[in-house]
**Q** 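Before I ask anything, let me first share the structure, which is written out below as structure tokens.
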Amino acid sequence: MAYWLLKTEPGEYGLDDLAAAGERAVWDGIRNYQARNHLRDGVRCGDLALIYHSGNRDPGVVGMAEVVVDPYPDPSQFDADSPYYDDRASVDVPRWLCVDIRFRERFPRPLTLAAARQCEPLREMVLLRHGRLSVQPVSDAQWRFILRYCRA
DNA sequence: GCCAACGTTGGC
DNA sequence: GCCAACGTTGGC
């Protein structure tokens, strides 16, 4: 079982939408090869993920979700009406993956990016070193630290 | 809205 | 395969 951090813009699809989605939400639209490779090579059913809100006034980790299925080809890449359509992808040779997740919790004390930068145990976190990656691994130690912080 | 950092495209 | 031009992300 592994830990991840998934980014999203709350104005598009945030923790509220995830909570409202119930048992299963399609986490699609990932269009970055490094993020895709994390899905392909790492993310599996049963993994847990921090939900990170970006592009808002106070970016940070706001909640947690559970991965409920192994990664599979993102249907939106085949949909010409979708903003995530990719005409280089085909059903036979899909280019992008997505995953389904389920809301687990909303943190009483979100970890803002600014606060994370002040936390020594998070110094090596991918979020702080490589800010733009939308699917990124979280180490066991980082996970434990963040949960203790956010649930306090 | 600005801009730095990073990713992608495409000519050669 | 290099690299310049361009596009995107995302904090501020």
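Keep in mind that the numbers below use all heavy atoms, side chains included, and drop hydrogens, waters and symmetry copies. Every chain is numbered from 1 and lettered A, B, ... according to where its sequence line falls, protein lines coming before strand lines.
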**Q** Return the value, rounded to whole Å, for the distance between atom CZ of A:Arg31 and atom P of C:dT8.
**A**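 Answer to the nearest Å: 14 Å.
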**Q** Rounded to whole Å, how long is the line connecting atom CG of A:Leu128 with atom P of B:dA4?
**A** 21 Å
**Q** Check this for me, if you would: do A:Asp74 and A:Arg36 make a salt bridge, where the nitrogen-to-carboxylate-oxygen distance has to be below 4.0 angstrom?
**A** no
**Q** Where the side chain of A:Arg117 is defined as all heavy atoms beyond and including C-beta, which of C:dG10, C:dT8, C:dC12 is the nearest nucleotide?
**A**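 Closest of the options to the side chain of A:Arg117: C:dC12.
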**Q** Nearest whole Å is fine: how far is B:dT8 P from A:Asp87 CG?
**A** 16 Å
**Q** It should be established whether A:His130 places a side-chain nitrogen or oxygen under 4.0 Å from OP1 or OP2 of nucleotide B:dG7.
**A** yes
**Q** Please give, in whole Å, the distance from B:dA4 P to A:Leu113 CG?
**A** 18 Å
**Q** Return the value, rounded to whole Å, for the distance between atom CG of A:Asn56 and atom P of C:dC12.
**A**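 Taking CG of A:Asn56 and P of C:dC12, I get 11 Å after rounding.
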**Q** What is the distance, rounded to the nearest whole Å, between atom CG of A:Asp86 and atom C1' of C:dG7?
**A**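 These atoms are roughly 15 Å apart.
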**Q** Tell me: CG of A:Leu133 to C1' of C:dG10, nearest whole Å?
**A** 13 Å
**Q** Are A:Tyr33 and B:dC6 close enough that a side-chain N or O sits under 4.0 Å from OP1 or OP2?
**A** no
**Q** Spell out, yes or no, whether A:Tyr149 and A:Leu122 are grouped together once hydrophobic residues are joined by side-chain heavy atoms under 4.5 Å, including indirect joins.
**A**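 A:Tyr149 and A:Leu122: one cluster.
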**Q** So, do A:Arg132 and A:Asn32 sit near enough that their side-chain heavy atoms are less than 4.5 Å apart?
**A** no
**Q** Please determine whether a side-chain nitrogen or oxygen atom of A:Arg88 lies at a distance below 4.0 Å from atom OP1 or OP2 of B:dT9.
**A** yes
**Q** Using a 4.0 Å heavy-atom cut-off across all strands, classify A:Gln34 as base, sugar-phosphate, or nothing.
**A**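 Answer is sugar-phosphate: A:Gln34 comes under 4.0 Å of backbone atoms only.
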**Q** Return the value, rounded to whole Å, for the distance between atom CZ of A:Arg57 and atom P of C:dG10.
**A** 19 Å
**Q** Do A:Pro137 and A:Trp4 come close enough that some side-chain heavy atom pair is under 4.5 Å?
**A**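 Side chain of A:Pro137 against side chain of A:Trp4, heavy atoms only: contact under 4.5 Å found.
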